[in-house]
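Counting from 1, the numbers follow the sequence of the chain as shown. Everything numeric in this text was worked out from a predicted model, so none of it was measured.
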Amino acid sequence: MGHLYIPLAAGLLCLIARGNAECFPGCTCASDRHGRSVFCMGAALDGIPAGLPDDLAKIRVERSRLPEVPRALFSRFRALEHLWLNFNAIAVLHPRSWAGLANLTELRLQGNQLRSVPWTAFQDTPALRVLDLKRNRVDALPEQALRYLAGLTYLDLSFNRLTVIAKEVFLNWALYHGVEEGVGGDVVLALHENPWTCDCRLKGFVDFVVALSPPIILMNSYLTCAEPKLRAGKFFHEVELRACAKPAVTATTSNVTAPQGGSVTLTCLATGRPEPAVWWTYGLKILRGFNESLIHVDEDTMKSQLMIPSLHLADRGVYTCTANNFVGNSSINIMLDVRSSPSLNAPAGAADENVYIDIRIAKQTVYGITIEWFAVLERPSESWFTIHFGQYDVPKKDTVYIGPGINTYSVSDLLPATKYEICVALKNQAPRAGQCVVFVTGSDISELEQREKLIHIVVIVFAMVLAVPAGMYACTTDTKFTCFERCTEMWKDRRRSGRGEKPGERQGTFDSLQAASDDDLCKDSGEEKKTRRRSEDKTNKALKADHRATAQL
């Protein structure tokens with residue numbers, strides 16, 4: 001007996017050694033009573049090794065960074081019953097990823113990066129019993145998602161990003177009806193740790209979950225709400241949800257009259273389930289610069305307010321409050337009338353005498369400009385500004401309201417060879433002297449490269465010149481080098497004035513610039529004409545002067 005025992009034990013050890021041998025770099029193959037298996041843990045794989053035997057019953061590939069499962073990747077393993085692909089950063093599944101796996105009973109895809117699942121792919125796995133999708137990024141389940149999973153006994157969708165599920169997802173599940181009829185055994189569902197939005201859209205699912213009873217079992221029956229805030233942290237069985245409803249918008253009055261220069265607040269009430277988005281429009285455009293606030297009155301009602309500061313006549317018109325959710329939308333109009341006040345049409349009174357606004361061009365491109373301003377105000381946290389912008393010769397300028405704490409504004413899509421004016425005034429007052437910048441766009445829009453080089457220098461020069469409060473002309477995009485030279489000279493005058501020249505000389509420079517026209521600013525003098533006749537080398541010298549001026553700045 002002793003002689004027989006020793007060879008038998010030695011043979012068993014050899015079999016175990018062969019079973020645990022490395023069959024592929026980073027992978028281990030084994031055999032047991034359930035069949036042959038392969039384990040690849042942390043191996044640097046870009047696919048399934050080609051040398052694996054076709055009769056494998058279990059494949060476990062984990063932490064190998066497989067980005068996707070292409071079509072029919074495992075189709076040659078006809079006997080495969082257990083497939084584990086956990087923690088591989090899989091983001092894409094093909095609709096035929098599981099082709100040929102008619103005997104597959106367990107599929108684990110935990111800890112991957114799946115945002116969606118091609119549920120029709122499971123028509124190739126009629127024997128599937130266990131489906132583990134835990135810790136992915138799945139955020140939706142279509143109503144027919146479980147159509148081809150009639151034989152499941154375990155479905156894990158926990159720790160995903162599901163917010164809303166229709167109860168029809170489970171009512172359309174053939175297994176659910178089989179369980180109701182007493183066919184089959186227990187079915188375990190894991191749906192916890194998802195950011196459920198407990199509003200009307202989840203009503204059917206909440207009712208379904210609360211009514212569940214064996215043999216359908218929730219792994220964690222205490223599903224909790226994440227949104228909205230008033231229900232955050234509550235269990236499903238603690239909330240009562242109502243059916244969804246189209247928004248309805250009302251207002252206490254449809255006509256509002258206010259005096260010019262005053263402020264007015266328009267108010268509307270919006271009800272709806274789920275909570276609708278609410279916004280105001282005027283003249284078919286979404287309002288910008290006005291202060292909007294939204295207050296929750298109760299679970300289904302919100303109060304939206306639009307505050308319009310310092311009314312002027314241009315604010316007359318119809319203001320529309322609109323509410324919208326996925327069920328529908330509703331709106332109401334409020335007519336605002338502004339009473340004229342002669343005193344406000346005159347220059348600002350003594351109350352605003354100490355207000356100082358310094359405006360300058362901060363940035364220029366071939367497409368537009370950005371202005372910034374510095375204001376000395378008595379109530380900086382409450383004061384609003386009005387931007388007036390348009391072509392210089394057009395009396396009525398476009399106006400934009402800017403709230404407290406903002407000191408920049410950009411305009412773009414400018415027309416070539418056009419004179420523009422942009423002003424910054426307090427509230428809705430008329431701009432005062434020194435609160436405007438007048439500039440002329442260039443006429444040659446084809447030489448973009450040269451224009452951008454010139455613009456770069458002009459911006460730097462005028463970023464300094466425009467730092468004083470003055471209404472003036474600026475050559476922003478003109479390619480004439482005489483204009484550039486004149487701008488450079490003004491910058492040099494500015495530098496000289498900073499080194500001790502008399503204030504009167506400095507002011508005279510700015511006054512002459514203010515009195516000039518855009519034609520005069522870029523007009524050749526007699527001496528300049530002679531210089532222009534010399535050769536094109538003058539152009540190259542001017543460009544070099546550009547860079548020297550930039551370096552000095």
Side-chain angles (χ1 to χ4, degrees), residues 245-298 300-346 348 382-391 394-404 406 409-413 421-431:
K246 175 183 174 181
V249 182
T250 59
T252 55
T253 179
S254 59
N255 291 279
V256 176
T257 302
Q260 183 180 1
S263 298
V264 69
T265 299
L266 306 182
T267 303
C268 72
L269 293 175
T271 61
R273 293 186 298 272
E275 177 181 297
V278 184
W279 66 90
W280 291 85
T281 54
Y282 170 65
L284 301 181
K285 294 181 180 178
I286 295 179
L287 296 173
R288 299 185 186 277
F290 293 165
N291 185 27
E292 293 186 50
S293 64
L294 193 65
I295 302 171
H296 285 81
V297 178
D298 56 40
D300 299 324
T301 306
M302 292 175 294
K303 179 169 68 175
S304 178
Q305 294 183 316
L306 176 71
M307 193 276 283
I308 307 175
S310 283
L311 288 167
H312 62 75
L313 300 180
D315 292 325
R316 291 172 174 167
V318 176
Y319 291 76
T320 303
C321 176
T322 302
N324 175 268
N325 63 18
F326 81 95
V327 183
N329 63 77
S330 178
S331 62
I332 192 169
N333 296 330
I334 299 177
M335 179 66 191
L336 174 61
D337 187 25
V338 180
R339 293 196 307 268
S340 177
S341 177
S343 61
L344 292 180
N345 294 328
E382 301 175 8
S383 299
W384 286 61
F385 299 95
T386 303
I387 305 293
H388 302 262
F389 176 72
Q391 295 186 24
V394 177
K396 182 175 176 58
K397 302 292 193 293
D398 292 335
T399 57
V400 177
Y401 300 98
I402 303 294
I406 302 174
Y409 183 74
S410 299
V411 294
S412 59
D413 298 328
E421 181 178 33
I422 186 166
C423 308
V424 179
L426 186 63
K427 300 179 181 177
N428 286 307
Q429 297 176 1

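In terms of heavy-atom proximity, Met302 sits nearest to Pro276 at CE-O, 3.2 Å. The minimum heavy-atom distance linking Tyr282 with Gly317 is given by the pair CE1-CA, 3.7 Å. Nearest approach of Leu306 to Tyr319, heavy atoms of both residues: CD2-CD2, 3.8 Å. Among all heavy-atom pairs drawn from Thr253 and Val256, the shortest one is CG2-CG2, 3.9 Å. When all heavy atoms are compared, the tightest approach of Val249 to Cys268 is CG1-CB, 4.1 Å. When every heavy atom of Ser263 is checked against every heavy atom of Pro309, the shortest pair comes out as OG-CA, 3.5 Å.
To the nearest 0.5 Å, atom CG of residue Asp315 and atom CG of residue Leu336 are 7.0 Å apart. Residue Trp384 holds its CH2 atom at 12.5 Å from CG of Leu426, rounded to the nearest 0.5 Å. In this structure, the separation between NZ on Lys396 and CD on Gln391 is 15.0 Å, given to the nearest 0.5 Å. Between the CE atom of Met335 and the CZ atom of Arg316 there is a distance of 8.5 Å, given to the nearest 0.5 Å. Taking CD of Gln305 as the start and CD1 of Ile295 as the end, the distance is 5.0 Å to the nearest 0.5 Å. Atoms NZ and SG, from Lys303 and Cys321 in turn, are 12.5 Å apart once rounded to the nearest 0.5 Å.
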Let's go through Val264 and Leu311 carefully: what are the C-alpha distance in whole Å and the side-chain angles of both, what is the deciding distance for side chain to side chain contact (heavy atoms under 4.5 Å, CB included) to 0.1 Å, and is it a yes or a no?
CA-CA 8 Å; Val264 69; Leu311 288 167; 3.8 Å; yes

If you apply the rule side chain to side chain contact (heavy atoms under 4.5 Å, CB included), what do you find for Glu421 with Phe389, and how did you get there?
CA-CA 6 Å; Glu421 181 178 33; Phe389 176 72; over 6 Å; no

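For the side-chain contact (heavy atoms from CB on, under 4.5 Å) criterion with Leu269, the lone passing option out of Val278, Thr250, Thr252 is Thr250.
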Let me check something: any side-chain donor-acceptor pairs from residues 323-334 under 3.5 Å, sequence neighbours excluded? List them with distances.
residue, atom, partner, partner atom, Å
Asn324, ND2, Gly328, O, 3.4
Asn325, OD1, Val327, N, 2.9
Asn325, OD1, Gly328, N, 3.2
Asn325, ND2, Ala245, O, 3.2
Asn325, ND2, Arg273, O, 3.4
Asn325, ND2, Pro274, O, 3.0
Asn333, OD1, Thr320, OG1, 2.7

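Shown here are the ring pair (Phe, Tyr, Trp, His ring centres under 6.0 Å) partners of Tyr409, two or more places apart in sequence or in another chain: there are none. Partners of Asp398 by salt bridge (Lys or Arg N to Asp or Glu O under 4.0 Å), not counting sequence neighbours: none found.
Ring pair Phe290/Tyr401: centre-to-centre distance below 6.0 Å.
A heavy-atom distance below 4.5 Å is not found between the side chains of Gln260 and Arg339.
Remark: the Glu275 side chain and the His296 side chain contain an N/O donor-acceptor pair separated by less than 3.5 Å.
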